[in-house]
Amino acid sequence: MLTYFDNINGALDLTEMLSNFKTEFDINCLSIFLVDQSKIYCIKKIDAVNDTSCCYPSPVSRDNHNNNIIYFACNSLKPLYHIAEDDDTIVSMEKDIVEEVCIPVKIEKHKDITVCIYFGFNYKAKNITELLSSFFNKFNLFDIYYYALVKYDQLADTEKF
């Protein structure tokens with residue numbers, strides 16, 4: 001398994017690997033969220049054209065937005081798959097998303113923090129099982145968790161400055 005830490009001196013970094021994965025599976029939205037006890041922060045939005053880091057100045061409150069896939073994934077601590085429907089009570093994380101997948105990652109050391117990997121599609125995805133299988137084979141979830149913590153600390157320090 002190729003991991004982020006194996007590539008520090010190598011050819012690809014984590015965001016480039018995620019960008020390549022996004023392109024390979026024709027994913028419309030691939031983001032990394034960090035969730036603490038009260039807020040949902042978008043740490044990284046992977047975009048093939050414009051890779052952005054975004055730590056929302058006003059993060060989404062979990063209390064006010066407890067009807068999205070990230071909220072449910074964090075509560076269940078299981079990967080979740082959601083198909084948007086007209087009468088759906090679950091709100092998609094991004095506009096025009098038809099299907100979405102969220103993979104929560106939590107470690108014992110940081111009990112109050114969950115990192116979520118989010119995939120959004122604006123069409124009916126062909127094979128979610130294949131996507132997840134490939135994702136788990138290509139990426140180490142601890143590497144993504146650690147990346148999100150480091151990025152969050154950097155962005156929070158910059159915001160304080």
Trainee: Which residues satisfy the side chain to side chain contact (heavy atoms under 4.5 Å, CB included) test with Lys124, sequence neighbours excluded?
Mentor: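 So Lys124 forms a side chain to side chain contact (heavy atoms under 4.5 Å, CB included) with Ile83, Val98, Glu99.
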Trainee: Could you check if a side-chain atom of Val115 sits within less than 4.5 angstrom of a side-chain atom of Tyr147, using non-hydrogen atoms only?
Mentor: no
Trainee: Only counting residues at least two apart or in another chain, list the ones meeting side-chain hydrogen bond (donor to acceptor under 3.5 Å, both in side chains) with Glu24.
Mentor: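 Applying side-chain hydrogen bond (donor to acceptor under 3.5 Å, both in side chains) to Glu24 gives Lys138.
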Trainee: With sequence neighbours left out, what residues match Asp96 under side-chain hydrogen bond (donor to acceptor under 3.5 Å, both in side chains)?
Mentor: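 Result, side-chain hydrogen bond (donor to acceptor under 3.5 Å, both in side chains) vs Asp96: none returned.
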Trainee: From the options Tyr145, Tyr41, Tyr146, select the one residue that forms a ring pair (Phe, Tyr, Trp, His ring centres under 6.0 Å) with Tyr152.
Mentor: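 Of the listed options, the one satisfying the test is Tyr41.
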Trainee: Holding to side chain to side chain contact (heavy atoms under 4.5 Å, CB included), I want the full list of residues that pass it with Ser133, two or more places apart in sequence or in another chain.
Mentor: Asn137
Trainee: Got a sec, which residues hit side-chain hydrogen bond (donor to acceptor under 3.5 Å, both in side chains) with Asn127, two or more places apart in sequence or on another chain?
Mentor: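 Asn127 satisfies side-chain hydrogen bond (donor to acceptor under 3.5 Å, both in side chains) with no residue once adjacent residues are dropped.
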Trainee: Answer whether the closest heavy-atom distance between the side chains of Tyr118 and Ile97 falls below 4.5 Å.
Mentor: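 Yes, close enough: below the 4.5 Å cut-off.
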Trainee: Do Leu18 and Ile117 make a side-chain contact, defined as non-hydrogen atoms from C-beta onward lying under 4.5 Å apart?
Mentor: no
Trainee: Verify side-chain contact (heavy atoms from CB on, under 4.5 Å) between Ile27 and Leu131, making sure each step is shown before the conclusion.
Mentor: CA-CA 10 Å; Ile27 301 168; Leu131 170 115; 3.6 Å; yes
Trainee: Please find the pair of heavy atoms, one from Lys45 and one from Ser31, that lie closest to each other, and give the distance.
Mentor: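 Looks like CG-OG, 3.6 Å.
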Trainee: Working to the nearest 0.5 angstrom, can you tell me the gap between Lys106 NZ and Leu141 CG?
Mentor: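 The CG atom of Leu141 is 15.0 Å from NZ of Lys106, to the nearest 0.5 Å.
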Trainee: Roughly how far, to the nearest 0.5 Å, is CD1 of Ile43 from SG of Cys116?
Mentor: 11.5 Å
Trainee: Rounded to the nearest 0.5 Å, what separates atom CG in Leu34 from atom NZ in Lys39?
Mentor: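 If we round to the nearest 0.5 Å, Leu34:CG and Lys39:NZ are 13.0 Å apart.
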Trainee: Listed by chain and number, what are the ring pair (Phe, Tyr, Trp, His ring centres under 6.0 Å) partners of Phe21, not counting sequence neighbours?
Mentor: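 For Phe21 the ring pair (Phe, Tyr, Trp, His ring centres under 6.0 Å) partners, ignoring immediate neighbours, are Phe25, Phe135, Phe139.
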Trainee: Got Ile40 and Val35 here, is their nearest side-chain heavy-atom distance under 4.5 Å?
Mentor: yes
Trainee: With sequence neighbours excluded, what pairs up with Tyr123 under the ring pair (Phe, Tyr, Trp, His ring centres under 6.0 Å) test?
Mentor: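 By the ring pair (Phe, Tyr, Trp, His ring centres under 6.0 Å) rule, Tyr123 matches Phe121.
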Trainee: Distance from Lys44 atom NZ to Ile144 atom CD1, nearest 0.5 Å?
Mentor: 13.0 Å
Trainee: I want to check something: taking the side chain as every heavy atom from C-beta on, are Ile70 and Thr114 in contact at a cut-off of under 4.5 Å?
Mentor: no
Trainee: Stepwise, does the side-chain contact (heavy atoms from CB on, under 4.5 Å) test hold for Phe72 with His82?
Mentor: CA-CA 10 Å; Phe72 290 112; His82 171 242; over 6 Å; no
Trainee: How would you list, by chain and number, every residue that makes a salt bridge (Lys or Arg N to Asp or Glu O under 4.0 Å) with Lys111, sequence neighbours excluded?
Mentor: Glu108
Trainee: How far does CG of Asn140 sit from CG of Leu14, to the nearest 0.5 angstrom?
Mentor: 10.0 Å
Trainee: CG/Leu149 to NZ/Lys151 distance, rounded to the nearest 0.5 angstrom?
Mentor: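 Going from CG on Leu149 over to NZ on Lys151, the span is 13.0 Å.
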